[in-house]
Every structure is written in C-alpha cells, then in structure tokens.
Amino acid sequence: MVVKNKQQRDTSFEGKVVLVTGAAGGIGRATALAFGRAGACVVVADTSVDGGHATAAMIVEAGGKALFVQTNVTRAAEVEALVDKTVAYYGRLDCAFNNAGIEEEHLQLADADEALFDRIVNVNVKGTWLCMKYQIRQMLKQGGGAIVNTASVAGLVGAPTQAIYAASKHAVVGLTKTAAAEYGRDGIRVNSVCPGVINTPMLARALEREPTRQKKLRNIHPIGRFGEAAEIANAALWLCSDQASFVTGHQLAVDGGLTAI
Ligand code: NAD
C-alpha cells in the first residue's frame, strides 16, 4: 500500500553522525538544521557559545539530535578534541561540513596588512586543513565518510578588494582536490561548495560597512538576487548523501550564475 503523507519525515541521514563547523549562524546553522531534519545526529561546532547552543536547541526542538562543542578551528588540540567528543558521544563520524570562515577584508591587495592576512588564512585555510586532518583519521578507521568544505566563488575566480580571502578560498579548493585524490580508494569523498553572495550575518556586516554595495552585489548574480543559506544547505546535504556517490574532488558553485559570466 502506498502511504500518501506530505508530512512524511525525511530519513535520508537517519543513523548518520554529521559534524558542522561555523554552525552558530548563517550557512552553518541552516545546514546543521537541515541535517537534523533529515535524521542525522548533529555535532554543532563554533567559537560562539550562545549561537552554538541556540542552533543545537533548534535542532532538538524540531525533533532532532544535537550536541554543541565549543571549538576554535584554528587550534589543533580543540579540533582533535571535537572529533574525539563526537566519537565518544555518537560512536562514529560519517559526514563533515567544514564551513567556519571569516572575510573581514575590503581593501585592495597593496593596502592590506600582515595581521589581516594571518587572521583570514588561519581560520579559512589552517582551520579547514585541521578539521579534515582529524576527520579523515577517524573516517579511515571506519572505512569511509564524506566531507564538504565551504569554499566560495572567490575560490574559483578573483575577488576585487578581497585578495586574501580569495587566496584562502582557492586554498580550500586545493585541499579539497588533494584530499579527494589521496583518500578516494579509502571510501572518503571530499567536495567543496562554492556559494555566491548569501544572505547571512556575514553579508549583513559587509553591507553595514558599505550600504551602497547592496544593489551592485545583488546584480552580479544572473538570477537577480542574493542566495539563501538554505540553498547552500541543500547542496551540502546532496554532496554528503549517497546520491553523490561518484562525486569527489568537485567544486559545486551555488551562485545564481555568478561564475557563468
Ligand atoms: P557567518 O559569519 O554568518 O558565520 C560564520 C560562523 O563561523 C560564525 O558562527 C562564526 O562564529 C564561526 N567562526 C568564525 N571563526 C571561527 C573559528 N575560528 N572556529 C570556529 N568557528 C568560527 O558567515 P556565513 O556567511 O554563514 O559563512 C559561512 C561560510 O561560507 C564561510 O566559510 C564563508 O567564507 C563562506 N561564504 C559565505 C558567503 C556569503 O556571502 N555569506 C559567500 C561565499 C562563501
């Protein structure tokens, strides 16, 4: 008998353990919530305690399972402890969305300073590398897994006034491709999602600094609007799912056509 129930629960990640970094807000929160709705046991990681607890509470309120672990992804000991706590609590790690990142840059290349360079590269590059390092060690013990890193359209093309950010996101793409090549035969798939400009607190901060950029930024997308965090979540879930079982080392642009022109 076919049961016709539009409210049927999504069970596509039932029994899977999923770790999301930068999950206290924006794209990370939307993706953690989406994994929770799909039945995953979610580990929410972020430096922000209030935001992290709030995301975990939202997942639980919606009927899901979540654990918040305060983590600064730039510190090896904290990232190692994050993976250890995930395994101690849920028994394994199936999927990871390495999404924590900062931007902070609105200067031409020759005007930026060393401290800004170190800050951006530390979070976006070292943070992603550290997360992958400890996640892959765990996934190797289990015989497989799926990792998605948040790069950006700035990981695919140049980004005027954001040279350091663009360099850091190109580095995320390099980490993704190399890990995919190294661990494909171990059952670990590694991909990146490359968002266009997405409606999150990061965008709100940028527009607060330069409100006049709003129209111009919106119009660089042929679709004629900013993206929503949930649209990136959809892509991350698909890349982590068995539907993407032959996809690895790929950079999936979710950018309203920005990089098509
Ligand atoms: P956001 O600022 O709204 O959220 C980022 C989260 O990362 C925050 O909760 C923050 O606390 C956390 N974080 C920052 N540094 C951290 C650290 N060291 N350790 C752990 N957590 C840390 O930003 P967002 O727009 O949701 O961006 C998420 C990701 O998407 C970032 O990697 C960003 O570069 C990327 N991205 C965003 C856009 C956009 O337009 N919003 C476009 C392309 C790519």
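Scope of the values below: all heavy atoms of this structure, side chains included, with no hydrogens, waters or symmetry mates.
Linking Ile, Leu, Val, Met, Phe, Trp and Tyr whenever their side-chain heavy atoms come within less than 4.5 Å puts Met139 and Val79 in one cluster. Each of Phe13 and Val17 belongs to its own hydrophobic cluster when Ile, Leu, Val, Met, Phe, Trp and Tyr are linked at side-chain heavy-atom distances under 4.5 angstrom. Val49 and Met58 fall within a single hydrophobic cluster, where Ile, Leu, Val, Met, Phe, Trp and Tyr are joined by side-chain heavy atoms under 4.5 Å apart, directly or via other members. If you chain together hydrophobic residues whose side chains sit under 4.5 Å apart, Leu237 and Ile27 fall into the same group. Val73 and Val121 fall within a single hydrophobic cluster, where Ile, Leu, Val, Met, Phe, Trp and Tyr are joined by side-chain heavy atoms under 4.5 Å apart, directly or via other members.
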Before giving the answer on side chain to side chain contact (heavy atoms under 4.5 Å, CB included), spell out for Gln214 and Phe226 the whole-Å C-alpha distance, their side-chain angles and the decisive distance to 0.1 Å. CA-CA 10 Å; Gln214 174 138 0; Phe226 295 129; 4.3 Å; yes
Decide yes or no on side chain to side chain contact (heavy atoms under 4.5 Å, CB included) for Ile59 and Leu33, but give the supporting numbers first. CA-CA 6 Å; Ile59 294 170; Leu33 291 174; 3.6 Å; yes
Do Val20 and Val43 pass the side chain to side chain contact (heavy atoms under 4.5 Å, CB included) test, and can you show the C-alpha distance, the side-chain angles, and the key distance before you say yes or no? CA-CA 6 Å; Val20 180; Val43 179; over 6 Å; no
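The closest donor-acceptor contact from the side chain of Thr71 to the backbone of Glu78 lies at 3.5 Å or more, if one exists at all. Judged by distance alone, the side chain of Lys85 and the main-chain N or O of Phe68 form no donor-acceptor pair under 3.5 Å. Panel note: side chain Thr55, backbone Gly51; a donor-acceptor pair is recorded below 3.5 Å. A donor-acceptor pair under 3.5 Å is formed between the side chain of Gln70 and the backbone N or O of Thr47. Asp113 contributes a side-chain N or O that, together with a main-chain N or O of Leu116, makes up a donor-acceptor pair within less than 3.5 Å. Glu105 contributes a side-chain N or O that, together with a main-chain N or O of Tyr165, makes up a donor-acceptor pair within less than 3.5 Å. Not a single donor-acceptor pair under 3.5 Å links the side chain of Ser168 to the backbone N or O of Val125. The main-chain N or O of Ala146 is never found under 3.5 Å from a side-chain atom of Arg189 such that the two would form a donor-acceptor pair. Judged by distance alone, with hydrogens and angles left aside, the side-chain atoms of Lys126 form a donor-acceptor pair with the main-chain N or O of Thr74 at under 3.5 Å. Under the 3.5 Å distance criterion, the side-chain polar atoms of Asn191 are left unmatched by any main-chain donor or acceptor of Val148.
Closest heavy-atom contact between Ile120 and Glu103: CD1-O, 3.1 Å. Scanning all heavy atoms of the two residues, the minimum distance from Leu19 to Ala45 falls at CD1-CB, 4.2 Å. Of all non-hydrogen atoms in Gly101 and Val123, the two that sit nearest each other are CA-CG1, 3.9 Å. Here the closest non-hydrogen pair linking Thr176 and Ser192 is OG1-OG, 2.7 Å. Minimum heavy-atom separation, Ala179 to Ile136: CB-CD1, 4.3 Å. Between Asp111 and Leu107, the shortest heavy-atom distance links the atoms O-CD1, 4.0 Å.
Annotation: Leu140, atom CG; neighbour count of heavy atoms from other residues, nucleotides and ligands within 6.0 Å is above 12. By the 6.0 Å contact criterion, CZ on Arg75 is open, its count of non-hydrogen atoms from other residues, nucleotides or ligands being 12 or less.
Ion pairing between Glu80 and Arg137 fails under the 4.0 Å rule for side-chain N and carboxylate O.
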Show which side-chain atoms of residues 194-212 pair as donor or acceptor with protein atoms under 3.5 Å away, not counting sequence neighbours.
{"unit_1": "Asn199", "atom_1": "ND2", "unit_2": "Glu228", "atom_2": "OE2", "d": "3.3"}
{"unit_1": "Thr200", "atom_1": "OG1", "unit_2": "Met202", "atom_2": "N", "d": "3.1"}
{"unit_1": "Arg209", "atom_1": "NH2", "unit_2": "His106", "atom_2": "NE2", "d": "2.6"}
{"unit_1": "Glu210", "atom_1": "OE2", "unit_2": "His106", "atom_2": "ND1", "d": "3.4"}

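Two residues are said to be in side-chain contact when any heavy atoms from C-beta on lie closer than 4.5 Å; Gln251 and Leu156 meet this criterion. Between Leu239 and Val247, the closest side-chain pair of non-hydrogen atoms falls below 4.5 Å. In this structure, the side chains of Val42 and Leu67 stay at 4.5 Å or more apart for every pair of heavy atoms. Tyr90 has its side chain out of reach of Arg92: every pair of non-hydrogen atoms, C-beta onward, lies at least 4.5 Å apart. Side-chain atoms of Gln142 and Asp94, non-hydrogen and from C-beta on, do get closer than 4.5 Å to each other. Considering only heavy atoms from C-beta on, Tyr89 stays 4.5 Å or farther from Cys41 through its side chain. The side-chain heavy atoms of Met132 and Leu175, taken from C-beta on, include a pair separated by under 4.5 Å. Using a 4.5 Å heavy-atom threshold, the side chains of Ile188 and Glu182 count as separate.
In this structure, the separation between CG on Asn124 and CG on Asn98 is 12.0 Å, given to the nearest 0.5 Å. In this structure, NE2 on His221 lies 9.5 Å from CD1 on Ile261, to the nearest 0.5 angstrom. The structure places OH of Tyr183 at 10.5 Å from OG1 of Thr178, a figure rounded to the nearest 0.5 Å. Between atom OH of residue Tyr134 and atom OG1 of residue Thr86 there is a gap of 14.0 Å, rounded to the nearest 0.5 Å. Distance check: Ile102 CD1 to Ile164 CD1 gives 10.0 Å after rounding to the nearest 0.5 Å. Rounding to the nearest 0.5 angstrom, the gap separating the CG atom in Leu93 from the NZ atom in Lys141 is 11.0 Å.
The closest side-chain donor-acceptor pair between Asp50 and Ser48, if any, does not fall under 3.5 angstrom.
With sequence neighbours excluded, the residues satisfying side chain to side chain contact (heavy atoms under 4.5 Å, CB included) with Val254 are Val193, Ile232, Ala235, Leu252.
For residues 228-249, no pair satisfies ring-ring contact (aromatic ring centres under 6.0 Å, His included), with sequence neighbours left out.
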